[in-house]
Chemist: 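Starting off with a structure, shown below.
Below, chain A is the first sequence line, B the second, and so on; all start at residue 1.
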Amino acid sequence: MEIRNCVFALILCHAAFVSCAVGLGRNPPTERISGSAGDVLEDDPVGRLKVFVYELPSKYNKKILQKDQRCLNHMFAAEIYMHRFLLSSPVRTLNPAEADWFYTPVYTTCDLTPNGLPLPFKSPRMMRSAIQLISSNWPYWNRTEGADHFFVVPHDFGACFHYQEEKAIERGILTMLRRATLVQTFGQRNHVCLKEGSITVPPYAPPQKMQSHLIPEKTPRAIFVYFRGLFYDVGNDPEGGYYARGARAAVWENFKDNPLFDISTEHPTTYYEDMQRAVFCLCPLGWAPWSPRLVEAVVFGCIPVIIADDIVLPFADAIPWEEIGVFVDEKDVPNLDTILTSIPPETILRKQRLLANPSMKQAMLFPQPAQPGDAFHQVLNGLARKLPHDKSIYLAPGEKVLNWTAGPVGDLKPW
Amino acid sequence: MMKLSALQQSYLNRRPGSFRGAAPLDSSADGAIKSPAAVFWLVLHGLCCLISLVLGFRFSRLVFFFIFSTSVTTNTNHFMAPFRQLTTTTAADVAFNLPSNPTSGGGVGDATLNRTRVVVGRHGIRIRPWPHPDPIEVMKAHQIIERVQKEQRNQFGVKNPRTVIAVTPTYVRTFQTLHLTGVVHSLMLVPYDVVWIVVEAGGVTNETAAIISKSGVKTIHIGVDEKMPNTWEGRHKLEAKMRLRALRVVRDKKLEGIVMFADDSNMHSIELFDEIQSVNWFGAVSIGILAHSGGAEELSSFATVEKEVEEKEKKQAIPVQGPACNESSKLAGWHTFDPQPYEGNNAIFIDDRATVLPMKLEWAGFVLNSRLLWKDNEDKPHWVRDLDSMVDGDDIESPLSLLKDSSMVEPLGSCGKQVLLWWLRVEARTDSKFPAGWIIDPPLEITVPSKRTPWPDAPPELPSDNEKAVNNMEESQPIVKHTKTRSSRSKRRSKRKHEPKTVVDTKEQSEQN
């Protein structure tokens, strides 16, 4: 009896040792990422939820894309790729009666100027028209007034549908979307345009382009702080103070002659390679708090220094951003060098280990075709975590909560 | 990129004129334009614009500031306090709304949502009182970078790095300090342990010892009694002997590591030392040959191996010596130096003004595991000759003679595609004198301006302390005498405008000052 126990214990110990050794032998050493929702980056959403995709006429999606193919490459392309992913995903169901979530594929960010920037002026009308369509052709919208529907709104200020912050705040979130779940890139705490329960996603960055610029990992990181971008938006705010709430201008004025800070407004062709040779990459706010720099920093292993008060970062419940990046208040920008140099080296190494975790990098990307653990799956995970729906979202037949005629008069025109 | 989008967006925002034909902007703009108050504001604004045209600053903005200033946040900064941004283009309608909403604009939005703590509008640009780098912080940052790089080396670099045993033959001459300092700096930067075996022709001297002791690496300084001959051929032979002597030291002391030949006038890249760590027994790397000519000759074209050096035109191709591989990345042969284009123009003596040519295969391109040399080593591969069997009298051109089977050589550096070191032989005239230890003692009294001295073909007599024929003294401040008054300088300058003086005058001048 005792001998058998001993042998059993011995086998257990050996197994533990072997698995430990295998874990340690994996190069390079990384750490598991555990957010406030737990260890959820590697969860598989298949089987945990069912999504029904509304069949909208092609004027809401395909025709818009045909008019301008650039929508596939800009940073708002997530809405298009999300649609394509859901169409062929195992979570899709063709039977709406058993669906947990409903998706409406309308490309609101694809009306581009000649320069390639999206105009949001028609987006509220487009969205409204789409919702009118689904509410009249299917009973599911009226059942909950959209509380079990989700929409992808990747524009600057999400469903406020404007690029200028003051106007966006004035408009607020589109009335009809006030009960739905919004998947958006914008996130700022206590802001009108961030609804409770929204899922924040990273902006789209082209995965193949980034992969093709990888350099050998043993290249020593010799740049301390790296940033390329505007400090003053000379065309619109030449004195500074308005653009980025003055934070970028403060970075420039305080650190332009500091040898540790490699910052400038140039557009080098070696931008991606340089990021891989830097220890810290600044990710300050611009006209909106989010930017693709965060995605690039994560993919290239550079610790992001986030200078944006109250920002909500992508998948904030799955990714512990406080442990991965460095957060600096906008009022502390003049002391940025003191802050960064006083971080203990062990903390820096730990952040680099977390960044090196492949599931972290994967969660920031929208690869085609989709891969396990990528941003599409994280969105589905987020949706799955919100299940099961609370009984209170189901309305009595004929009951209406949302005011369909609220909002600026121009929004009510049909599209 | 985001900034571009923001730039354009705000550009669009500031230029509503281009959109007036297109979809209507905000509905709030629709009714407001025609009201009389709006017209009044427009007129007032126009007036202020005219005034500011005359006065030259943003008058309108200041007026609005003083009338409507609502400083919301309490920032401690050195620039203006924040106030509402009054956009000049939509002043009509916005000026209505803004003064009534001191906090962030969401007047129309939900009353139930919290107002955002972050204010929209103009903020001050915070600059600290002394925005310059602090040296202590710079040091800390460098320490952080070093720690990060050390971790990178641990993870991605060479596992179990071996000691680098560098073998350098040298002798005392004018350019010795120049060349040896280059090797010293390269070895100091190597991130692995280094043992440096310096073999000196003409016996051990204090000069050489002084230079190599500054390197901080472990050195073994050996002397060989022969003096270095004056011909390049003789020099090659003696250097080979010296290297073999060093190899014997490796064998006798049973030094453990990788032996590489760091000739004192070669340039080594740091990647070389990383690359040679991967050698098993005997490896070869590619050397770039910078065959320097005394005159202004172009390098003639060569058929060269593909390498990292870009070839813009065939004519400028730099010859490379090293291993050649076939498609399956196996050693297929050697790229050697072809002296044929330099026929008749190569240097025989060390100070000839002709092209100095390397040997067919330089020693520097080979590295070997020190265990190859040990006596009584069972691990030693059978295709290696014993060191004792190489008699000094033999003509040993390259370490390939150590091998019975030269196909066992491992090509390093992406199979010879990377050029990791460069060969260049530059030496001064054999009769050139240089100050011992490069210390000028006692200090010179008179210096000769180089611009005015003709450079003849015959070597010039070196200036000694009490000089005879010196002509003009343009910058003739003797080094020791620094204290001069301005008047005396200008006095001298005015005197200089005259014809060149004789020595007597200049001596008088210097004595005056």
Chemist: For V251(A) and L282(A), which heavy atoms make the closest approach, and how far apart are they?
Modeler: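 Smallest heavy-atom distance, with atoms named: CG1-CD1, 3.9 Å.
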Chemist: Check each atom of F280(A) against the heavy atoms of chain B and say whether the ones under 4.5 Å are side chain, backbone, both or neither.
Modeler: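 When you check distances to chain B, no heavy atom of F280(A) falls under 4.5 Å.
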Chemist: Highest number of heavy-atom pairs under 4.5 Å with chain A: which of I145(B), D134(B), D274(B), N154(B)?
Modeler: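 Looking at each option in turn, the highest pair count goes to I145(B).
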Chemist: Under a 3.5 Å cutoff, is there a donor and acceptor pairing between the side chains of Y271(A) and E266(A)?
Modeler: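 Judged by distance alone, the side chains do not pair up.
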Chemist: Side chains of S264(A) and D262(A): donor-acceptor distance under 3.5 Å anywhere?
Modeler: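 Absent: no donor and acceptor within the cut-off.
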Chemist: Given heavy-atom pairs under 4.5 angstrom as the criterion, report whether the side chain, backbone, both or neither of Q152(B) touches chain A.
Modeler: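 Side chain only.
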Chemist: Would you mind checking which part of F255(A) comes under 4.5 Å of any heavy atom in chain B, side chain (CB onward), backbone (N, CA, C, O), both or neither?
Modeler: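 Contact with chain B is through the side chain of F255(A) alone.
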Chemist: Mind listing the closest non-hydrogen atom pair of L412(A) and T405(A) along with its distance?
Modeler: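 Answer, listing the atom of L412(A) first, then T405(A): CD1-O, 3.9 Å.
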Chemist: Which bit of E196(A) is near chain B, if near means a heavy-atom gap under 4.5 Å: side chain, backbone, both or neither?
Modeler: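 Neither part, no heavy atoms under 4.5 Å.
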Chemist: Which answer fits A168(A), side chain, backbone, both or neither, if we ask what part of it has an atom under 4.5 Å from a heavy atom of chain B?
Modeler: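 Neither; nothing under 4.5 Å.
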Chemist: Before giving the answer on salt bridge (charged side-chain N to carboxylate O under 4.0 Å, His left out), spell out for D411(A) and R171(A) the whole-Å C-alpha distance, their side-chain angles and the decisive distance to 0.1 Å.
Modeler: CA-CA 11 Å; D411(A) 284 359; R171(A) 297 182 56 96; 2.7 Å; yes
Chemist: Does either side chain, that of R162(B) or that of Y192(B), offer a donor lying less than 3.5 Å from an acceptor on the other one?
Modeler: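 There is no such pair between these side chains.
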Chemist: Heavy-atom pairs under 4.5 Å with chain B are the metric here; pick the option from K256(A), K218(A), H74(A), E330(A) that has the most.
Modeler: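 Max contact count across the listed options: K218(A).
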